[in-house]
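Down below is the structure, laid out as structure tokens.
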There are 2 protein chains.
Amino acid sequence: MKRKAVPRKTQQRQLISKCLHELCHPSAEDVWNCVRKEIPGVNKTTIYRNLRRMVDEGELKCFMTDSGVMLFDSTLDRHYHLRCDKCGKISDIPSALFDRIAEIMQKEKQFKITDYNLTLSGICADCQERANRKTSNPDQDLGS
Amino acid sequence: MKRKAVPRKTQQRQLISKCLHELCHPSAEDVWNCVRKEIPGVNKTTIYRNLRRMVDEGELKCFMTDSGVMLFDSTLDRHYHLRCDKCGKISDIPSALFDRIAEIMQKEKQFKITDYNLTLSGICADCQERANRKTSNPDQDLGS
DNA sequence: GTAATTGCAAACGGTTTGCGATCTC
DNA sequence: GAGATCGCAAACCGTTTGCAATTAC
């Protein structure tokens with residue numbers, strides 16, 4: 001296990017954190033635009049690198065949109081997303097209820113559900129078994 | 001209102017359909033590799049264009065992976081996806097139950113859920129209102 | 001015959017990487 | 001002063017587009 005050095009408090013990194021708290025499900029570009037207000041010369045690469053590192057270190061979550069753009073989410077608790085088909089705006093649903101979601105959304109948020117996509121992540125039976133076999137005979141890892 | 005012409009039965013398109021039935025959640029590249037077995041010279045562009053058209057015409061569904069690759073799904077009914085964190089394999093969960101999913105998956109499929117992401121799509125209150133304001137020019141059915 | 005479809009090459013857009021310059025600690 | 005971080009340019013990779021040649025109807 002390699003241990004990463006403590007991140008340095010650069011102006012850029014601090015501003016990125018600040019912007020993440022101000023913005024709601026921003027893309028890297030959204031963050032860039034926010035940071036640029038105070039550091040006009042920041043490079044997009046710096047934004048990408050810092051965001052990715054924050055995700056790697058667990059300070060931040062991210063998810064993919066249908067159009068292939070990564071969005072970032074400073075809310076670390078499990079929760080759902082509500083995405084409007086028309087304007088594309090994404091809002092949060094706290095992860096309390098799991099049942100009757102469509103009805104509740106319709107009644108309480110006036111959001112008319114037309115589709116949904118739930119992706120559960122975890123470890124499949126095959127991989128669990130493979131991991132068990134590897135505890136005595138370690139070969140290469142499949143992990144991405 | 002433009003009406004699309006009926007797709008022509010090209011060899012390529014027919015093979016793409018055939019491959020979609022053989023493959024499970026394929027990427028465009030997967031489909032390409034499958035079609036190439038019978039038409040070695042097919043161009044990837046042809047695959048992309050046909051897949052996109054099938055999606056546009058509702059014959060096919062598609063969704064984004066976390067890595068930004070589009071996957072295609074010939075199962076048109078609503079259903080969930082189960083994705084293994086290690087091997088990345090995606091399997092289907094029929095959309096019958098909505099409650100106690102993690103427990104059931106754990107028990108019945110030996111799948112250890114570590115995370116999930118549910119994105120509900122629909123029309124938000126703002127957009128519904130916006131559409132209502134435009135009611136003098138009725139274009140689509142958002143109401144009821 | 002003619003409009004749709006293909007193949008090819010080039011473009012695109014979001015993201016990543018290599019590297020020398022700069023900044024934190 | 002050493003190593004982390006930055007800025008820049010170029011690469012990357014999946015996907016899309018423009019266009020001339022080919023094909024289905």
Side-chain angles (χ1 to χ4, degrees), chain A residues 2-20 23 25-57 59-73 88 90 144, chain B residues 2-20 23 25-36 38-57 59-73 88 90:
Chain A
K2 58 180 169 188
R3 183 121 298 280
K4 275 268 180 67
V6 176
R8 294 188 171 173
K9 285 207 185 74
T10 63
Q11 198 193 166
Q12 291 88 335
R13 191 178 173 90
Q14 285 175 302
L15 258 169
I16 290 169
S17 291
K18 186 180 154 224
C19 288
L20 283 171
L23 301 167
H25 308 111
S27 63
E29 177 143 15
D30 293 334
V31 176
W32 186 45
N33 286 327
C34 177
V35 173
R36 273 204 291 178
K37 287 175 189 163
E38 303 201 27
I39 316 176
V42 229
N43 198 281
K44 231 183 203 175
T45 306
T46 302
I47 309 295
Y48 276 108
R49 254 190 295 235
N50 277 286
L51 289 174
R52 168 165 272 271
R53 178 156 187 201
M54 291 178 192
V55 170
D56 288 347
E57 288 175 352
E59 303 172 42
L60 193 60
K61 283 202 164 186
C62 66
F63 59 97
M64 267 287 167
T65 61
D66 284 350
S67 57
V69 176
M70 185 84 81
L71 299 188
F72 298 88
D73 200 332
I90 294 177
S144 47
Chain B
K2 57 180 169 188
R3 182 125 296 280
K4 275 267 179 68
V6 175
R8 293 187 174 177
K9 286 206 185 74
T10 64
Q11 197 193 167
Q12 290 87 336
R13 190 177 174 92
Q14 284 174 303
L15 258 168
I16 290 169
S17 291
K18 185 180 154 224
C19 288
L20 283 171
L23 301 167
H25 307 113
S27 63
E29 178 143 16
D30 294 334
V31 176
W32 186 45
N33 286 327
C34 177
V35 173
R36 273 203 291 179
E38 303 202 27
I39 316 176
V42 228
N43 198 281
K44 230 183 205 175
T45 307
T46 302
I47 309 294
Y48 276 108
R49 254 191 297 234
N50 277 285
L51 289 174
R52 168 164 271 271
R53 178 156 185 199
M54 290 177 193
V55 170
D56 288 346
E57 288 175 351
E59 303 171 41
L60 193 60
K61 282 201 166 188
C62 65
F63 59 96
M64 266 288 167
T65 60
D66 283 349
S67 57
V69 176
M70 186 83 82
L71 300 187
F72 298 88
D73 200 333
I90 294 178

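Every chain is numbered from 1 and lettered A, B, ... according to where its sequence line falls, protein lines coming before strand lines.
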Length of the line joining A:M70:CE and C:dG14:P, which is rounded to integer Å: 13 Å

Nearest-Å distance for atom pair CZ/C1', residues B:R53 and D:dT17: 17 Å

Non-hydrogen side-chain atoms of A:I16 and A:M54 separated by less than 4.5 Å: yes

Chi angles and distances behind the side-chain contact (heavy atoms from CB on, under 4.5 Å) call for B:N33, B:E29: CA-CA 6 Å; B:N33 286 327; B:E29 178 143 16; 3.8 Å; yes

Note, B:Q14 side chain near B:K9 side chain (heavy atom, < 4.5 Å): yes

Length of the line joining B:M64:CE and C:dT15:P, which is rounded to integer Å: 11 Å

Sugar-phosphate, base or nothing in reach of A:R49, heavy atoms under 4.0 Å: base

Separation of atom CG in A:D30 from atom C1' in C:dG14, rounded to whole Å: 13 Å

A:Q11 CD to D:dA4 C1', straight-line distance once rounded to whole Å: 17 Å

Candidates D:dG3, C:dG7, D:dG7 - which lies nearest the side chain of A:R8: D:dG3

Atom-pair distance (CD on B:Q14; C1' on C:dT5), nearest Å: 13 Å

Residue-phosphate contact under 4.0 Å: B:T10 side-chain N/O, D:dA24 OP1/OP2: no

Residue whose closest nucleotide on DNA chain D lies nearer the 5' end, A:P7 versus A:T45: A:P7

Length of the CG-C1' vector between B:N43 and C:dA9, whole Å: 9 Å

Spacing of A:D66 atom CG relative to D:dG14 atom P, expressed in whole Å: 19 Å

Side-chain (A:W32) to main-chain (A:V42) donor-acceptor, under 3.5 angstrom: yes

Any A:Y48 side-chain N or O less than 4.0 Å from OP1/OP2 of C:dT16: no

Proximal nucleotide (of D:dT5, D:dT16, C:dA4) relative to the B:R52 side chain: D:dT16

Short side-chain to backbone donor-acceptor contact, B:D30 and B:S27, under 3.5 Å: yes

